[in-house]
There are 2 protein chains.
Amino acid sequence: MEALIHHIRKFVDLSDQDIPLIESHFQRMEVTKKQTLVQEGQVCRHHYFVTRGCIRLFFMNEKGVEQTTQFALEHWWLSDYMSFFTQTASSFSIQAVEKSVLLVIDFHSQEKLVASLPKMEKYFRMIYQKANAASQLRVKYLFGFSREELYHNFITNYPGFVQRIPQYLLASFLGFTPEYLSELRKKKRS
Amino acid sequence: MEALIHHIRKFVDLSDQDIPLIESHFQRMEVTKKQTLVQEGQVCRHHYFVTRGCIRLFFMNEKGVEQTTQFALEHWWLSDYMSFFTQTASSFSIQAVEKSVLLVIDFHSQEKLVASLPKMEKYFRMIYQKANAASQLRVKYLFGFSREELYHNFITNYPGFVQRIPQYLLASFLGFTPEYLSELRKKKRS
DNA sequence: CGGTCTCTTGACGGAGTTCAAAGCTAGTGG
DNA sequence: CCACTAGCTTTGAACTCCGTCAAGAGACCG
């Protein structure tokens, strides 16, 4: 839980008595590699905070291939926000990429928490604002760069992360096939 | 201003004395077609609420072609959130697509407003949450559909909007060339 | 060590781009 | 209110990036 409290304190001031109140709304959860947290079509009931490990958001495209759209590493939040917010069927699945430790909060607990503690309302407002900013830039990269450039950007910006995940997930995240990724790697070497 | 108040009331309850306080933080602004509100490289100082008309977010790609990433119609919010939130150089431009009426609020006014009126903290939290949900779905569509499918989805989901904007903006938004859009339209007719 | 999952290689094809040129439309000023 | 022009849209040909398919080589796990 300390990781979460520390993260919240980057955005708002918490008094010591706020902490148990916040913690009481979350549950700690350990998941194994490839464990599914949410299945496309079900309601995404939780908002996930990654304490350790890595999870991903993905969907199945028309050809039956998994398309990853987001990763969440340590100290990132993730959910299918449409499903979470409206409590309707999810259009994504969520799965652990590695053995991970998560803190989870369900929709009603989150609403109760922000209602009872305005600091948390502010915290989530800021988290969402940041996520929004990141999405806008993501879309800019997707439109502004060729797949080859996306690959080069990614490996230079997140060299450590590239080590952690299999190639096929990276290809899926960048929006191309493992075969083409392999070709790019070869090109780079020579 | 009524449009904004009405919009806020869809998310939170406002008392009558809240209204002048809220209104005092905004400025009304009329812009002509193609008027630039923010130039890529400058700080995006405002958050824009569209009362009437349409504005867009775009950037210049390496080939010198404008790439539109978002439109905002009546009752939508728009900004370069990274620039707005951190008050650093923007990586997008914002321009009016048509003659429009906007309500604008600068970063410090918005922070003051949400600090003085917790309802507005909640309102913006919800606005950002919705925007987030929309972004996730947007990325899903971008990855999951071919450009031709994106085009068909768009014209069936937003038939009225297609009438309002020039073809080349639609092409830019969907991520392909006006030439290819022209080809798709021809294909559709026959 | 055997089997399954992951990564690599290469040939081929097709969706979408680029370039250039001509036709069309709409806004502007006279 | 018309005429002119700049900007938008259409066409078509050549080209390119990247997907598909199929087959082989590693790598990892029981």
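Every chain is numbered from 1, with letters handed out A, B, ... down the list of sequences.
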Presence of salt bridge, B/Glu30 and B/Arg52, under 4.0 angstrom
no

If I take atom CD in residue B/Glu183 and atom P in nucleotide C/dT17, what distance separates them, rounded to the nearest angstrom?
10 Å

When the distance from NZ of A/Lys186 to C1' of C/dC7 is rounded to whole Å, what number comes out?
13 Å

note: B/Gln67, atom CD; C/dT17, atom C1'; distance rounded to Å ~ 14 Å

More than 12 heavy atoms of other residues, nucleotides or ligands under 6.0 Å from NZ of A/Lys130: is that the case?
no

So does B/Lys187 pair up with B/Glu148, basic N to acidic O under 4.0 Å?
yes

Whole-Å gap separating P (C/dA15) and CG (B/Leu184):
11 Å

Residue B/Lys63, side-chain heavy atoms: nucleotide from C/dT8, C/dT18, D/dC8 that is nearest:
C/dT18

Counting only heavy atoms and a strict 4.0 angstrom limit, can you tell me which residues of residues 160-180 of chain A come near DNA chain C?
A/Pro166, A/Gln167, A/Tyr168, A/Glu179

Give a yes or no on whether the ring-centroid distance for A/Trp77 and A/Tyr128 is below 6.0 angstrom.
no

Under 4.0 Å from any atom of DNA chain C, heavy atoms only: list the residues of residues 138-158 of chain B that qualify, in numerical order.
B/Ser146, B/Arg147

Between A/Arg185 and C/dT8, does any side-chain N or O lie under 4.0 Å from OP1 or OP2?
yes

Are more than 12 heavy atoms from other residues, nucleotides or ligands located less than 6.0 Å from atom CD of B/Gln167?
yes

My understanding is that only residues two or more places apart in sequence, or in another chain, count here; which of them pass side-chain contact (heavy atoms from CB on, under 4.5 Å) with A/Met82?
A/Asp80, A/Thr86, B/Ala133, B/Leu137

What's the separation between atom CD1 in A/Ile22 and atom CE in A/Met120, rounded to the nearest 0.5 Å?
5.0 Å

Between CG of A/Leu181 and C1' of D/dG19 the distance, given in whole Å, is 14 Å

Any ion pair linking A/Arg147 and A/Glu149 (charged N to carboxylate O, less than 4.0 Å)?
no

Look at the aromatic rings of B/His75 and B/Phe49 and report parallel, tilted or perpendicular, splitting at 30° and 60°.
parallel

Atom CG of B/Asn61 and atom C1' of C/dT18: how far apart are they, to the nearest Å?
13 Å

